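The sequence lines fix the lettering, A, B, ..., with proteins before strands; numbering per chain opens at 1. Computed over heavy atoms, backbone and side chain alike; hydrogens, waters and symmetry mates excluded. The model shown is predicted, which means the values in this text are computed figures rather than measured ones.
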Amino acid sequence: MMRRDVSQQTTEVTAEEWVRRKEFVGFTEQDAQWLRELRPAADAFVGDVVEELYRRFLACEETNAFFPDEAAVARVKALQTAYFRGLTQGEYGEAYLADRLKIGRVHQRIGLSPRWYMGAYALYAQLVTPRVLAAYPADSVKGQRTLVALLKLMNLDQELAVTTYLAAREAVISQQAREILEIATPVVQIWDGVVAAPLIGSLDTARTQQFMERLLERVVETNSSVALVDITGVPTIDTVTAQHLIETVTAVRLLGAQVVLTGVRPVIAQTLVHLGVDLSDIITRSSLAAGLHVALDILKLQVTGKRPA
Amino acid sequence: MSTDHIAVLKVREALLVTVPSDPEDATVAALQEQVLRAMERHAGKGLVLDLSGVETVDSYFARTITETAQMVGLMGGRTVLAGMRPSVAMTTVQLGLLFPNALTALDVDRALDLLATPEPDGRRP
């Protein structure tokens with residue numbers, strides 16, 4: 001389900017980009033014309049080519065796995081025939097582009113690795129070359145030009161496939177980055193009037209902004225007087241990060257609550273002193289537990305052991 | 001919001017002012033005038049500014065409120081900013097607008113509690 005969402009989001013290649021790509025590989029209207037003329041011959045040998053292609057696919061263990069039964073093979077053979085006939089359809093505009101991108105997405109979705117996909121094009125080239133040349137026994141120059149036109153177009157198709165793969169991959173990466181941003185800053189209430197926020201990973205400006213927002217909102221929602229910000233999971237701290245923390249603390253104070261910075265490990269303490277960062281205004285503790293003590297003090301609460309009845 | 005509509009209420013020992021959502025310069029200036037007059041009249045122990053309705057602040061607002069807090073201090077009272085919204089707190093910090101002479105509280109209730117405690121217990125932004 002998630003994969004589908006991702007592949008639908010991708011807008012891989014625009015119409016203008018497609019025109020530029022065709023120009024780059026030198027695919028001209030003349031090439032389109034050669035391919036249109038190849039159509040009758042291509043229709044005659046497409047059956048052979050597809051049969052041979054699937055003999056190779058089914059012989060290979062990795063690609064064989066994609067075809068569970070005879071029905072599946074018959075279905076993809078029909079699709080492959082349609083694909084190949086598409087190469088000689090004669091119109092290579094936006095409709096062609098959309099169709100090829102769709103094919104790329106389908107292969108990406110079923111998880112076929114690009115190497116097999118690209119390999120299939122190598123097989124195609126081998127199978128098609130002698131057949132195209134044989135279609136023009138009397139005019140070998142025309143045969144060669146037609147072949148070159150076909151190879152250019154198949155090359156463009158490969159490019160589109162790679163672009164689709166990359167776009168889908170990138171969409172997944174950016175979605176994961178967003179998810180990490182989301183999950184990395186939980187703010188939980190640990191006592192009446194006390195929230196705790198364990199920070200994990202490095203604190204850049206975007207994350208600080210989001211963390212600050214969430215922390216302030218939770219402080220108000222839970223009506224908490226103390227916020228424990230735990231930096232045990234922050235690997236290193238620099239002046240920028242420290243500045244971000246100070247801003248967060250200041251903002252929380254403006255709401256009328258207080259921040260206790262916990263999880264100040266020895267290495268962090270050393271770094272802060274060496275950098276000359278002044279946190280003397282902020283209550284800091286080495287552990288979250290020590291911070292909770294401070295919080296209870298601020299709330300004027302005392303924890304006592306239960307007496308045996 | 002017209003300047004006449006700033007109401008300075010006396011609650012317990014303190015003065016309470018609800019700041020309008022988008023305070024104009026004139027409103028903020030009038031607020032200062034009225035607060036100081038009320039301080040004189042009631043000899044209040046402090047001032048609570050209810051900011052829970054405030055949606056935007058600017059540097060004029062920050063400066064005037066800081067000055068007002070300082071003036072109230074000279075007249076023997078403490079100032080508490082109560083109920084600032086998270087978004088306003090963020091903007092304030094990012095613009096570097098601080099309220100160095102004011103205390104803060106989550107809401108008016110706690111602000112009044114804070115003013116009732118004899119010694120000031122921190123919370124200076």
Just wondering, more than 12 heavy atoms not from A/Lys102 lying within 6.0 Å of its NZ? no

Using modelled atom types only, decide if a donor and an acceptor are shared between the side chain of A/Thr250 and the backbone of B/Val93 within a distance under 3.5 Å. no

Non-hydrogen atoms of A/Ser225 and B/Leu106 that approach each other most closely: N-CD1, 3.9 Å

Rounding to 0.5 Å, atoms CZ (A/Arg253) and OG1 (B/Thr92) come to a distance of 15.0 Å

Separation of A/Glu247 CD from B/Met90 CE (nearest 0.5 Å): 9.0 Å

Between A/Thr248 and chain B, with a heavy-atom cut-off of 4.5 Å, which part of the residue counts as in contact: side chain, backbone, both or neither? neither

Does a side-chain heavy-atom distance below 4.5 Å link A/Asn223 with B/Asp107? yes

Counting only heavy atoms not in B/His42 (residues, nucleotides, ligands), do more than 12 fall under 6.0 Å from its NE2? yes

Which atom of B/Ala89 lies closest to which atom of A/Ala251, heavy atoms considered: CB-O, 3.6 Å

Kindly compute the distance separating CZ (B/Arg85) from CG (A/Leu254), expressed to the nearest 0.5 Å. 15.0 Å

With a 6.0 Å cut-off (strictly less than), is the heavy-atom count around CD of A/Glu221, excluding the residue itself, greater than 12? yes

